[in-house]
Each structure stands twice: as structure tokens, then as C-alpha cells.
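Numbers for residues simply follow the sequence, beginning at 1.
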Amino acid sequence: MAQRETWTSRAGFIFAAVGSAVGLGNIWSFPFQTASNGGAAFLVVYLLAVFLIGFPTMLIEFTIGRRSKQNAVSAFAELGYGDWTFAGAIGVFASFITLAFYSVVGGWVISYIVGSVTGAYLGDAGAYFGSVSSGLVAVGAHALFIAVTIGIVAFGVADGIERATKFMIPAILVLLVGLAVWASTLPGAGAGYSYYLSPDFSVIASNFGDIVPAAMGQAFFTLSLGFGVMIAYASYLGRDDSLPGDSAIIVVLNTIVALLAGFAVFPILAATSGVGGASGGAGTAFIALAGAFGQLPAGQIIGLVFFIVLLFAALSSSISLLEAPTSYVVDSQGMERRTVAIGIGAVAFVLGIAPAYGYVGLFNDLVFNVLLPVAVLFIALFVGWVANREAVDELGRGSSIGEGATTIWLWWVRIVVPIAVIVTLYLGVTSFYTGLTTGAYF
């Protein structure tokens, strides 16, 4: 059997993991989740979810991955707990389902880059979205996006994923900073900052059942937790890397990108249609921004830059979503990576035809509200109560973290993370069930 691939450097791993985390969830979903759920009130809950639940959970996935040196499914058997393989399988399934609808949204981004060049969406943003978001145009753009994703993953860990993310992540940061600085000069930017940064805590109290699952799902989604991705990525790591240190860097960089997206988007919306126009679903995000660009000086150029940033972010995450199932098949069956990536990508394309005809919301909520919390719950229980000795030992390798800190982390994973996830899962399943029974998705 061929030697298993590894990252060429610690920086390569961090760029890849940040790339997985920094995706459409940060730049497309985060600002509009914030707008839909009370602005700064949502931001507060989201930040708490990221640092109190997301960061410890990332360490869970990293310890499993590096300890086992296997993909998210095979890792449990490799550690001697084959009965828990289902926990990794749920994550890989979630990754595959997400790739199917994520690629459709990535296709929308490609259509909006074309629309920025031609100016097609400047006259009527709503009509343009309607023309590219569903039907044959959406299927074609979805095919192009997933083909690029397959191409990157097929080249391997170092030559494909690592090389691509080393280019895309710095580009995303530079372009987002530029957009945020430019947006700060717009008239009315202060109103956007106020909505974004001045929390009304009564909003949290009165909308707890909506804000908490949205914030937790957003945290898991933007950090790529529950997909099995971080288990797979950590499996390519050396034993001398500091897992707590790497996790902290990834979480902080991911959060910076999400915050930068808000600093760019909210002033733009405040200066044009108002932040209230940003609330709504996936389509509303594209319509609100495209409409805003149409009202701004040099809006066509600004729109082009924004959607290029969005494309880089989308690709940096989609390659990780494809890597999770690809690594499983390569590890377990010994098949050639290129063949596996093409095969899984092709099946994801076929599954993505449904969201390309209007069912993005159904797929999105299934992942956010159900699959990710379930996957995170099981891996937290596994590390907290079953493989805790192995996890604590692995957490300490390559780092100066003391016994007291590892003990706190272990009990946090045992008690706090499961309780938070169970509450989120209950609220999320209730919301998803309501959507199914009321016909909101159909």
C-alpha cells in the first residue's frame, strides 16, 4: 500500500484547516444569519458558541485524527473502538450532503462573478438571482464549481489542498480588509456598525429558540466541525505539532474573517437598502448585496472583488467537504485518490441537482439543525467518556499544556459541550420538523 500523505509543513496544515473553516459560512451565511437574528445579539451568542463550544470541539476532532492517523470513519476502529465507527460515519455523511448543496451556492457565486463583469445584475438584482439560482443555469454552474473542487482534491494533500489554500487564504484576508476599509467610508456606515456591534440582550431572551440553534449551527459550520473534516486533516499531522496552539490559531483566524465580512457587508447595506433588507434566506443575501452594489459608485468593480473573495472562500471549504469522504475510501479501499475524488464528486453533483432546482433551504437546515449537532454530540461523548485517556495523552503531545488544563478540557467536553449540543439539537430538530410539516421547504 502506498505511503499515506502528510502536510509539508505546520503552516500548510493551518492554511488548509483555516481554509476549511473560512468558507461561504463566514462571508455569505454569517452576515445574513446576523441580520436575520437580531444583529449584535446574534453576534454575542455566536462568539460564545465559537470559543466555549467550537474551540474545545475542534480539539476533540484533532485528537481523534492525529492519534489514529486515519479518516473520520476508520479512526474509531484504529483506536480500538470499532463500535463507535457510526459517529465518524455521520460526520462524513454530513460532509457529503453539504457538498451537494454547497456546490450549488458556489455555482451562484460563479454566476455573480460573470454578472459583475457584464453588469447583468445591476438593473434588477432580484430578477438576476431568479435567472441563475434555479434550473439549467444553476445546474451548469454547479457542475463547473464541483469540477474545480474535484480537480484540487485529486491532486492530493500537499500538491492540491495545501497549495490551493496557501494561495486562497491570504487572498481572502487581503481583499476582505480592503473591502472593509472601503465600506467604512460610505455614508451611513455608522448605522451598519451600530446594528452589528451594539447588542440588545432582550432580543436574545425573546428569540432564544431561534438564535441559539442558528448561532451553534453557524459556529459548527464555519469551523467545519461535525463533518469529519478536521479528523481527516489532523490525521496527516506530525506528532510534534501543538494541537491547542494550532486550534487557537485556526479559531481566531476564522473568527477574524467572519467579523471582517460583517464590517464589509453591514456598512454597504446601511448605505443602500438598509440592514433590514439583509434578513432572509440564502437568496436574499445575494439579492441584497447585488442590489446594494448597483447603487454604489464603482459598484460593479466592488461587486466583482466581493464575489471573487466569496469564490475563494467557497472553494477552500468545498475541497475539505470532498476530502472527508475521499480520505475514507482511499484509506479503507486503497483506491487511487483521483478516481475516488471524481467518483464521489460526480455523485454529489447528481444529488445537488435537487437544491439546484430550489431545495437549498431544506439541505441547509438538515445539516445545520440536525446532522452537525448529532455528529458533534457523539464524538464529544466518545472522547469524554470512552477514549478519554488516549485523547488527553494526545492533547499533551507537542505542547506545553499542563495537566490542569487538560483536566478542565476533558470535563468541559464531558459535561458542558454535550449539554449545549443537546439543547441546540432539540431546538434545531423542532425547527426543522416545523419547516417540514408547514411546507416551508417545498
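Under a 3.5 Å cut-off, the side chain of T430 and the backbone N or O of Y426 do form a donor-acceptor pair. Under the 3.5 Å distance criterion, the side-chain polar atoms of R337 are left unmatched by any main-chain donor or acceptor of V330. A donor-acceptor pair under 3.5 Å is absent between the side-chain atoms of S431 and the main chain of G428, judged by distance alone. Judged by distance alone, the side chain of R414 and the main-chain N or O of N388 form no donor-acceptor pair under 3.5 Å. Of the possible donor and acceptor atoms, none in the side chain of S317 sits under 3.5 Å from a partner among the backbone N and O of A314. Here the side chain of N207 pairs a donor or acceptor atom with the backbone of V203 at under 3.5 angstrom. In this structure, the side chain of T437 engages the main chain of T434 through a donor-acceptor pair within 3.5 Å. The main-chain N or O of L315 is found under 3.5 Å from a side-chain atom of S318 such that the two form a donor-acceptor pair. With T63 contributing its side chain and L395 its backbone, the two residues share no donor-acceptor pair below 3.5 Å. Checking side-chain atoms of S316 against main-chain N and O of G19 turns up a donor-acceptor pair under 3.5 Å.
Other residues, nucleotides and ligands place more than 12 heavy atoms under 6.0 Å from the OH atom of Y441. More than 12 heavy atoms of other shown residues, nucleotides or ligands fall within 6.0 angstrom of atom CZ in F51. Atom OH of Y328 sits in a sparse spot, with 12 or fewer heavy atoms from other residues, nucleotides or ligands closer than 6.0 Å.
Side-chain contact between Y195 and L269 is absent, with no heavy atoms from C-beta onward closer than 4.5 Å.
Here the CD1-CG distance, from I344 to L321, works out to 12.0 Å after rounding to the nearest 0.5 Å. Rounding to the nearest 0.5 angstrom, the gap separating the OG1 atom in T165 from the CD1 atom in I172 is 9.5 Å. We find the OG1-CZ distance between T34 and F42 to be 5.0 Å, quoted to the nearest 0.5 Å. The distance from the CD1 atom of I415 to the CH2 atom of W385 is 4.5 Å, given to the nearest 0.5 Å. Note that OG of S247 is 10.0 Å distant from CG of L223, once rounded to the nearest 0.5 Å. For the atom pair CG of D83 and CZ of F382, the computed distance is 10.5 Å after rounding to the nearest 0.5 Å.
Contact detail for I250 and M58: the closest heavy-atom pair is CG2-CE, 3.8 Å. Residues P213 and T424 come closest through the heavy atom pair CA-CG2, 3.8 Å. Closest approach of A264 to A183, counting heavy atoms only: O-CB, 3.6 Å.
Classification of the Y102-F145 ring pair by plane angle, with boundaries at 30° and 60°, yields tilted. In this structure, F86 and F378 have perpendicular ring planes: the angle between them is above 60°, well past the 30° mark.
For F167 and F312, the gap between ring centers is short of 6.0 Å. When ring centroids are compared, F129 and W108 come within the 6.0 Å threshold. Within the 6.0 Å centre-distance limit, the rings of F368 and F221 are counted as a close aromatic pair.
When each of F286, F306, F293 is checked for a ring-ring contact (aromatic ring centres under 6.0 Å, His included) with Y112, only F286 meets the rule. When each of N254, L43, L176 is paired with L259, the side chain to side chain contact (heavy atoms under 4.5 Å, CB included) condition holds for L43 and for no other. Each of L59, V392, D393 was evaluated against T406; a single residue qualifies, V392, per the side chain to side chain contact (heavy atoms under 4.5 Å, CB included) test.
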Show me the side-chain donor-acceptor pairs of residues 72-81 shorter than 3.5 Å, one per line, residues at least two apart or across chains.
| from | atom 1 | to | atom 2 | distance (Å) |
| --- | --- | --- | --- | --- |
| S74 | OG | N71 | OD1 | 3.4 |
| S74 | OG | N71 | ND2 | 3.1 |
| Y81 | OH | E390 | OE2 | 2.7 |

Exercise. Are L186 and I268 close enough, and set up right, to give a side chain to side chain contact (heavy atoms under 4.5 Å, CB included), and what steps lead you there?
Worked result: CA-CA 7 Å; L186 295 174; I268 291 173; 4.0 Å; yes
For this session: Take L351 and V347 through the side chain to side chain contact (heavy atoms under 4.5 Å, CB included) test and state the conclusion after the steps.
Result: CA-CA 6 Å; L351 182 61; V347 176; 5.6 Å; no
Exercise. Taking it one step at a time, do L179 and V265 satisfy side chain to side chain contact (heavy atoms under 4.5 Å, CB included)?
Worked result: CA-CA 9 Å; L179 280 172; V265 168; over 6 Å; no
Problem set entry | Audit row: V383, I64, side chain to side chain contact (heavy atoms under 4.5 Å, CB included) steps and yes/no | CA-CA 8 Å; V383 163; I64 294 173; 3.7 Å; yes
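For the 3.5 Å distance criterion, the side chains of Y233 and S224 fail to qualify, holding no donor opposite an acceptor.
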